[in-house]
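Both ligands and their constituent atoms are indexed starting at 1 by order of listing.
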Amino acid sequence: MVLLREDHRDQQTSRLVFDGDLGLLRDRTVAVIGYGNQGRAQAIVLRDNGIRVIVGNIRDHYWDRAVKDGFEVYNIGDAVRRADIALLLLPDEIAPGVYRESIEPLINNRRGFILCFASGYNIAYGFIKPPQGVDVIMVAPRMIGWGILERHRQGRGYPVLIGVAQDSSGMALEYAKAIAKGIGAIGLPGGVAVISSFEEEALLDLLSESTWSPMLIAAMEAYFDVVTENFGVSPEAAILELYASGELAEIGRAMAEIGFYEQLKLQSRTSQFLHLTRARNFYKIARRIVEREALKIWSGKITREWSPDLASGRVILERLLRIAMRSRMAEYEDRLYRALGRR
Ligand code: NDP
């Protein structure tokens, strides 16, 4: 992974973009490749914004869904052939294979073609190497597909990271802004695009998934085991306390809306005291873990554990998923959620 640009730290405000020029997409055809979580949401919003959208997918239930939603659907190669811009919205570990087989041969000699990614991963680690002459841009939503559609209905935007890996037209960043507007991220209240890079996006994303987020899982599992095994607490009470009540989700929402530290004031003084004193205690160990994992990501070492070519990563994932699904916490969660009518 290449180093971040030196100027990244000092240009905080100028890196925020609030609007783009949809006119740049008007006489173009956009192929949405992959009609999954992101693909469906982005295709629908682009079409509502007056952009000509076609869908490229393998022939399966997602194909049928796209047809039902009123799109022209083609196999991936045919969609790329008919388009000026392709949004690659496939799972990151699948994209390199599909790209090599169905996209690369078709864009090798297409100057002016625009290849747009929703994450930095495959370009940052070199799993996809687009040919000269095409623009390679990133428009990476900080929002799940469902949230994109929800905000679209409400007339609100959402955050995205945008970046350019190859600027053949001299307009690549402008196209990224235009796509960010087309998919409903900017040009609306609550919307912002941060000018970033493929490397920065991959680091941020993978680092969250390697550090604070799994730490939360480990802490919750340990909490559940200790209170139920050592203190005789009922599993139902423990699971409600941890996440099932929705309180955690509300705290997350408050963090996003009023700020990380401001939301603390919504909690009791006892809670504030315990949060802040314990956070100090955990900081050193957390920082050590974050630094270690960041180096693994930055150096590319992480791709020896998980990458498109690595079958062992998938075997490990499947095994761990099976273990998680059979855990005591999962078993009690299932009982609780059935009793609550959530399943
Ligand atoms: P999904 O898993 O929801 O869907 C991707 C699409 O790829 C589906 O249409 C799927 O069809 C298709 N697909 C899967 N396997 C193959 C295959 N072997 N050959 C051809 N097509 C295949 O992906 P996401 O929408 O979650 O992710 C797309 C991109 O968006 C990724 O780069 C991701 O990092 C990024 N992103 C995702 C976010 C999210 O919230 N999920 C948030 C921000 C960015 P089928 O399954 O039927 O085969």
Would you please write out the protein residues whose heavy atoms approach any atom of ligand 1 to under 4.0 angstrom, listed by chain and number?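 Lining ligand 1 at under 4.0 Å, by heavy atoms, one finds Gly34, Tyr35, Gly36, Asn37, Gln38, Asn57, Ile58, Asp60, His61, Tyr62, Leu89, Leu90, Pro91, Asp92, Ile94, Val98, Ala118, Ser119, Pro141, Met143, Ile144.
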Salt bridge or not between Arg335 and Glu331? Use side-chain N to carboxylate O under 4.0 Å. yes
Below 4.0 angstrom, N of the basic side chain to O of the carboxylate: do Asp64 and Lys68 qualify? no
Cation-pi check, Arg142 to Tyr158: give yes when NZ or CZ is under 6.0 Å from the six-membered ring centre and within 45° of the ring axis, no otherwise.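 No, Arg142 and Tyr158 do not form such a contact.
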Looking at every non-hydrogen atom in both residues, tell me the closest pair between Ala124 and Ala202 and how far apart they are. CB-CB, 4.1 Å
If we count only N and O atoms by modelled type, under 3.5 Å, do the side chains of Tyr35 and Asp69 hold a donor and an acceptor together?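 A donor-acceptor contact under 3.5 Å links the two side chains.
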Go through the structure and list residues passing side chain to side chain contact (heavy atoms under 4.5 Å, CB included) with Phe224, not counting sequence neighbours. Thr228, Pro235, Ala238, Ile239, Leu242, Arg328, Met329, Tyr332
